[in-house]
2 protein chains.
Amino acid sequence: MKTNSKSKIIIVDDHLLFSQSLELLIKSFGDYEVIERFENGKVFIDYLEENPLSEIDLILLDVNMPVLDGLSTMKWLKENRPDLKVIALSVNDDDEIIIKMITNGAKGYLLKDTSPEIFREAIHCVIEKGFYFTELVSGMLINKVNSDNRKISLKEKEIVFIKHACTEMTYKEIASEMCLSPKTIDGYRESLFDKLEIKTRIGLVLYAIKHKIVFV
Amino acid sequence: MKTNSKSKIIIVDDHLLFSQSLELLIKSFGDYEVIERFENGKVFIDYLEENPLSEIDLILLDVNMPVLDGLSTMKWLKENRPDLKVIALSVNDDDEIIIKMITNGAKGYLLKDTSPEIFREAIHCVIEKGFYFTELVSGMLINKVNSDNRKISLKEKEIVFIKHACTEMTYKEIASEMCLSPKTIDGYRESLFDKLEIKTRIGLVLYAIKHKIVFV
DNA sequence: TCGGACAAGGGGAAATACCCCCTTTTTTGT
DNA sequence: ACAAAAAAGGGGGTATTTCCCCTTGTCCGA
């Protein structure tokens, strides 16, 4: 039956203007229909759990959303519904997040300034062939597998310390806040300086902001 | 003739998916037509200069764009075409930028997660009555006029110093970089701490990033 | 000629950065 | 199952940097 019925698409995006408009754009292509729209990952997952048998050919998933964001949603899908095909949509071309979305199973990653023609081709491609990657994304994948293998993994305590370090508290104050001796805090500091290749607390703050450990 | 012809709208947004989709949404309302779309302020202004007589009822202006952003475009419009009505569209509800867009003549400010119904009402309102402000924006305006009158103005040297302070250089190194005595730098530091109500260099870094003096 | 900005400096307390050291628990490899 | 190896927490001491207050001169515009 699939050959003569339209492909079923779901949109998950908190920008209502965008998601409703996008539905119209997709409709105008003629080959697809938007069966549902959700404004964050949470309500989308709720829907999937209540309707496990609903037929879905493609999911258009926004990366930046409140409540449950694109990456977390992607992780849930990888775990629970790896059968579903997802194209991630985003305004930013941040290396990290693109890699993460793809390693968690996204079949495509499009920026929102993509032209409607390419968008249409990507939808077609993913539904028919299973994937679609732009040059931007392919290039990034090649770069990443070649170079960035030494992954810096931060432990929970370190993250907490970094967040505190991004305030005007002194280390002593941070220590008492975290119920640890100032010496332990000094140990965290030193090992982080070493690990992150920085020399001052300023460097730590810049690192934290760049890697979205803290928000400004 | 205006009463029985559709209102003419222009969209300026670099997200092609959004802008093309939005055109469809606006068309679906029935009362409006999108006569042009541009992907940044620069090409839009070029168009205005070449077609100074084109009839435009409303401009939907994205705030975050490459080449020439929403605010700069708004300033140009205030200077050169104050007759044109603009609704600013944005994903972020940053106080500063909202205030700036409005003080530069925007007749409305909508977040992109606005519902299509409110969007439609806003368009209607601005074309007919001249303005439309959501509660978010009104509340912000009231807050701002009441509280934030003391403007913090930074001098060029101070800006340069702040940029250097947002690196791992010591104050001594900054001094030699700026060809000043460490003690002069110390003076800059102290007066800034005072002015910006901060207590540590960390606070200065956070301030600089928050106010986009430096970028991460 | 007064005030105010800018530049420079002295002295000192506090915080930060950088050493080398120790014990206890947890994890891991085989 | 057991030893080896990390990881987590704490300690002493020192050098450097940051932070703070207070003074001196100069130049410039009102």
Side-chain angles (χ1 to χ4, degrees), chain A residues 75 79 148-216, chain B residues 148-216:
Chain A
K75 285 179 178 170
E79 199 66 31
D148 205 328
N149 272 342
R150 55 103 184 72
K151 187 159 289 161
I152 291 166
S153 75
L154 299 173
K155 322 209 183 316
E156 193 47 39
K157 276 273 178 63
E158 288 179 320
I159 303 274
V160 174
F161 164 67
I162 291 178
K163 288 185 186 195
H164 284 109
C166 292
T167 71
E168 295 200 315
M169 274 188 271
T170 66
Y171 288 137
K172 207 183 297 180
E173 289 166 340
I174 294 172
S176 92
E177 184 76 18
M178 290 178 68
C179 301
L180 291 170
S181 134
K183 284 300 178 181
T184 305
I185 290 299
D186 192 53
Y188 286 3
R189 181 198 55 74
E190 185 143 20
S191 95
L192 279 170
F193 278 21
D194 196 42
K195 209 186 298 191
L196 306 179
E197 296 177 62
I198 53 180
K199 289 183 299 297
T200 66
R201 183 165 164 183
I202 304 297
L204 185 60
V205 171
L206 297 174
Y207 178 93
I209 293 168
K210 201 170 312 188
H211 293 76
K212 307 195 198 313
I213 296 169
V214 297
F215 303 100
V216 285
Chain B
D148 206 329
N149 273 338
R150 53 105 183 68
K151 187 160 291 160
I152 291 166
S153 76
L154 298 173
K155 314 194 194 323
E156 194 47 39
K157 277 269 181 63
E158 288 179 321
I159 302 275
V160 174
F161 164 67
I162 290 178
K163 289 186 183 190
H164 285 107
C166 293
T167 70
E168 294 201 314
M169 276 188 272
T170 66
Y171 289 139
K172 207 185 296 183
E173 288 166 339
I174 295 172
S176 92
E177 184 77 17
M178 290 177 68
C179 302
L180 290 171
S181 133
K183 283 301 178 179
T184 305
I185 292 299
D186 194 51
Y188 286 4
R189 181 199 54 73
E190 184 145 23
S191 97
L192 280 170
F193 278 21
D194 198 41
K195 211 185 301 192
L196 307 179
E197 297 176 60
I198 53 180
K199 288 184 298 296
T200 66
R201 184 165 164 182
I202 304 296
L204 186 59
V205 172
L206 297 174
Y207 178 92
I209 293 168
K210 201 170 312 186
H211 292 78
K212 307 196 195 315
I213 296 168
V214 298
F215 304 98
V216 285

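Letters A, B, ... are given to chains in the order of the sequence lines, protein chains preceding strands, and every chain is numbered from 1.
Here the closest non-hydrogen pair linking Ile202(B) and Ala165(A) is CG2-O, 3.8 Å.
Glu190(A) has its CD atom 13 Å from the C1' atom of dC21(C), to the nearest Å. Across the protein-nucleic acid pair, Tyr171(B) atom OH and dA14(C) atom P stand 18 Å apart, rounded to whole Å. Protein atom CZ of Phe161(B) is 15 Å distant from nucleotide atom C1' of dC6(C), rounded to whole Å. Counting to the nearest Å, the P atom of dA17(C) and the CZ atom of Arg201(A) are 7 Å from each other. In this structure, NZ of Lys199(B) is placed 12 Å from P of dA15(C), rounded to the nearest angstrom. Atom CG in Leu204(B) sits about 17 Å away from atom C1' in dT16(C), given to the nearest Å. Here the P atom of nucleotide dG10(C) and the CG atom of Asp186(B) are 13 Å apart, to the nearest Å. Between the P atom of dT16(C) and the CD atom of Glu168(B) lies a distance of 15 Å, rounded to the nearest Å.
Scanning DNA chain D 5' to 3' for nucleotides with an atom closer than 4.0 angstrom to a non-hydrogen atom of chain B gives a first and last hit of dT17(D) to dC21(D).
Here Leu180(A) contributes atom CG and Ile174(A) contributes atom CD1; the two are 11.0 Å apart, rounded to the nearest 0.5 Å. Distance check, rounded to the nearest 0.5 Å: NZ of Lys75(A) to CD of Glu79(A) gives 11.0 Å. The structure places CD1 of Ile162(B) at 4.0 Å from CD1 of Ile213(B), a figure rounded to the nearest 0.5 Å. Of the inter-residue distances, the one linking Ile198(A) atom CD1 with Leu204(A) atom CG reads 4.5 Å to the nearest 0.5 angstrom.
With contacts defined as side-chain heavy-atom distances shorter than 4.5 Å, the pair Arg201(A)/Tyr171(A) qualifies.
Taking the nucleotide of DNA chain C with the nearest heavy atom to each of Lys172(A) and Arg189(A), the more 5' of the two is matched to Lys172(A). If Lys183(A) and Tyr188(A) are placed on DNA chain D by their nearest nucleotide, the residue sitting closer to the 5' end is Tyr188(A).
Distances shorter than 4.0 Å separate some side-chain N or O of Ser181(B) from OP1 or OP2 on dG9(C).
Nucleic acid contact for Thr170(A): sugar-phosphate only, since backbone atoms but no base atoms lie under 4.0 Å from a heavy atom of the residue.
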Can you give each donor-acceptor pair under 3.5 Å made by side-chain atoms of residues 186-193 of chain B, sequence neighbours left out, with the distance rounded to 0.1 Å?
unit_1: Asp186(B); atom_1: OD1; unit_2: Arg189(B); atom_2: NE; d: 3.1
unit_1: Asp186(B); atom_1: OD1; unit_2: Arg189(B); atom_2: NH2; d: 3.1

